[in-house]
2 protein chains.
Amino acid sequence: MSSQPENVPSAATESPSLVHAVEPGPELLDAAAATLRMLAEPTRLHLLWQLSDGPKTVSELTAAAGVPRTVASQHLAKLRHSGLVDTRKEGRNVIYSLRDGHLVRLIRETINHADHQLTGEPTHD
Amino acid sequence: MSSQPENVPSAATESPSLVHAVEPGPELLDAAAATLRMLAEPTRLHLLWQLSDGPKTVSELTAAAGVPRTVASQHLAKLRHSGLVDTRKEGRNVIYSLRDGHLVRLIRETINHADHQLTGEPTHD
DNA sequence: ATATTAGGTGCAATAGTTCGCACCTATGCA
DNA sequence: TGCATAGGTGCGAACTATTGCACCTAATAT
């Protein structure tokens with residue numbers, strides 16, 4: 001247990017003007033990790049990236065991701081069950097959309113970071 | 001600065017998406033997913049969060065994360081091998097630090113998103 | 001009614017991750 | 001010299017995730 005996490009030393013190299021005062025508890029970390037786990041798979045990330053551009057049908061998403069239908073479906077089911085995406089039915093299509101606009105920033109930040117990493121990171125920032 | 005073009009009404013079958021210019025290729029997606037996989041574990045996320053406040057020793061990190069030493073060590077090894085953190089040795093301590101300041105933003109964005117999800121959004125499915 | 005298209009689910013095999021144990025090296029101290 | 005502390009590694013057991021297969025429902029078209 002040891003619920004005494006007020007140990008944020010940060011007394012080493014520089015004076016931290018903006019320390020984060022709050023220690024994320026286990027639930028927060030679990031929730032965050034759960035979300036990240038959803039993003040941490042190339043196909044799902046691809047699907048989410050597509051969705052960050054606007055709502056799309058399963059067919060569109062599947063085609064863009066270049067994976068078999070069952071695979072896309074399973075991944076979409078996971079995203080659905082984890083509450084990251086929303087669905088509405090229109091005719092015989094199911095249209096997926098990102099539930100939270102906040103997620104768009106996260107996705108783009110991630111892709112951006114990876115892009116920097118690939119193109120040769122020159123000690124950024 | 002939050003120019004989100006969300007809700008692009010691509011309600012039709014397929015519209016020429018000129019919204020996000022670049023389609024991430026497989027390598028980019030793999031790299032991004034690899035990074036996210038590193039973040040997508042509560043203990044590792046905790047460690048990285050600690051580091052986002054400044055460099056720390058293994059002992060400090062281990063204590064903060066509240067896990068056995070071997071576990072922390074394994075996770076730190078993964079972070080090291082994936083290039084997300086840097087180490088320097090000082091006496092008998094090893095001091096870990098985030099390699100890329102950019103990562104701080106990603107970590108905080110994630111924690112922030114999870115927090116928002118936990119506290120402000122009781123919409124459950 | 002029947003076929004077709006869009007999408008979903010259950011399940012088994014495989015692949016990858018996490019954890020804890022035992023054991024190792026290097027630094028500092030008495 | 002010997003011993004404690006800080007940190008690391010290799011390995012096996014338990015767990016989780018991904019995939020592909022077969023099969024299912026709902027909506028449209030013929």
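Atom set for the values below is all heavy atoms of this structure, side chains included, hydrogens, waters and symmetry mates excluded. Not measured: the values here are computed from a predicted model. Letters go in sequence order (proteins before strands), and every chain restarts at 1.
- Within the structure, a side-chain polar atom (N or O) of A:Lys78 is placed less than 4.0 Å from OP1 or OP2 of D:dT18.
- A sub-4.0 Å separation between OP1 or OP2 of D:dT19 and a side-chain N or O of A:His75 is present.
- Closest to the side chain of B:Thr70, from the set C:dT18, D:dT9, D:dG7, is D:dT9.
- As a whole-Å value, the separation of B:Asn93 CG from C:dT27 C1' is 10 Å.
- Put simply, the side chain of B:Arg44 never gets that close to the backbone of B:Ala72: no donor and acceptor are under 3.5 Å apart.
- Look at CZ on A:Arg69: it is 16 Å from C1' on C:dT9, rounded to the nearest Å.
- In this structure, the CG atom of B:Leu79 is 10 Å from the P atom of C:dT18, given to the nearest Å.
- Straight-line distance from the CG atom of A:Leu39 to the C1' atom of D:dA17: 16 Å, rounded to whole Å.
- The closest donor-acceptor contact from the side chain of B:His81 to the backbone of B:Ala77 lies under 3.5 Å.
- Residue A:Gln74 places its side chain closer to D:dT19 than to any other of D:dT19, C:dT18, C:dG28.
- Atom P of nucleotide C:dA6 and atom CG of A:Leu76 are separated by 15 Å, given to the nearest angstrom.
- No side-chain donor from either of B:Tyr96 and B:Arg88 sits under 3.5 Å from a side-chain acceptor of the other.
- In terms of phosphate contacts, A:Arg80 brings a side-chain nitrogen or oxygen within less than 4.0 Å of OP1 or OP2 of C:dT9.
- Mapping B:Thr87 and A:Glu41 onto DNA chain D by nearest heavy atom places B:Thr87 at the nucleotide closer to the 5' end.
- An OP1 or OP2 oxygen of C:dT17 is reached within less than 4.0 angstrom by no side-chain nitrogen or oxygen of A:Arg37.
- Per the geometry, NZ belonging to A:Lys56 stands 18 Å off C1' belonging to C:dG7, to the nearest Å.
- Of the side-chain N and O atoms in A:Ser59, one or more sit less than 4.0 angstrom from OP1 or OP2 of C:dG7.
- Listed pair B:Arg92 / C:dT25 fails the phosphate criterion, with no side-chain N or O lying under 4.0 Å from OP1 or OP2.
- For A:Lys89, taking side-chain heavy atoms from C-beta onward, the closest of the listed nucleotides D:dA26, D:dT19, C:dT9 is D:dA26.
- A donor atom on one side chain and an acceptor atom on the other are found under 3.5 Å apart for B:Glu109 and A:His102.
- Under 4.0 angstrom from either OP1 or OP2 of D:dG8 there lies at least one side-chain N or O belonging to B:Tyr96.
- Atom-to-atom, CZ of A:Arg44 to C1' of D:dT18 comes out at 9 Å; the value is rounded to the nearest Å.
- Side-chain atoms of B:Asp100 and A:His113 form a donor-acceptor pair, as typed in the model, at a separation below 3.5 Å.
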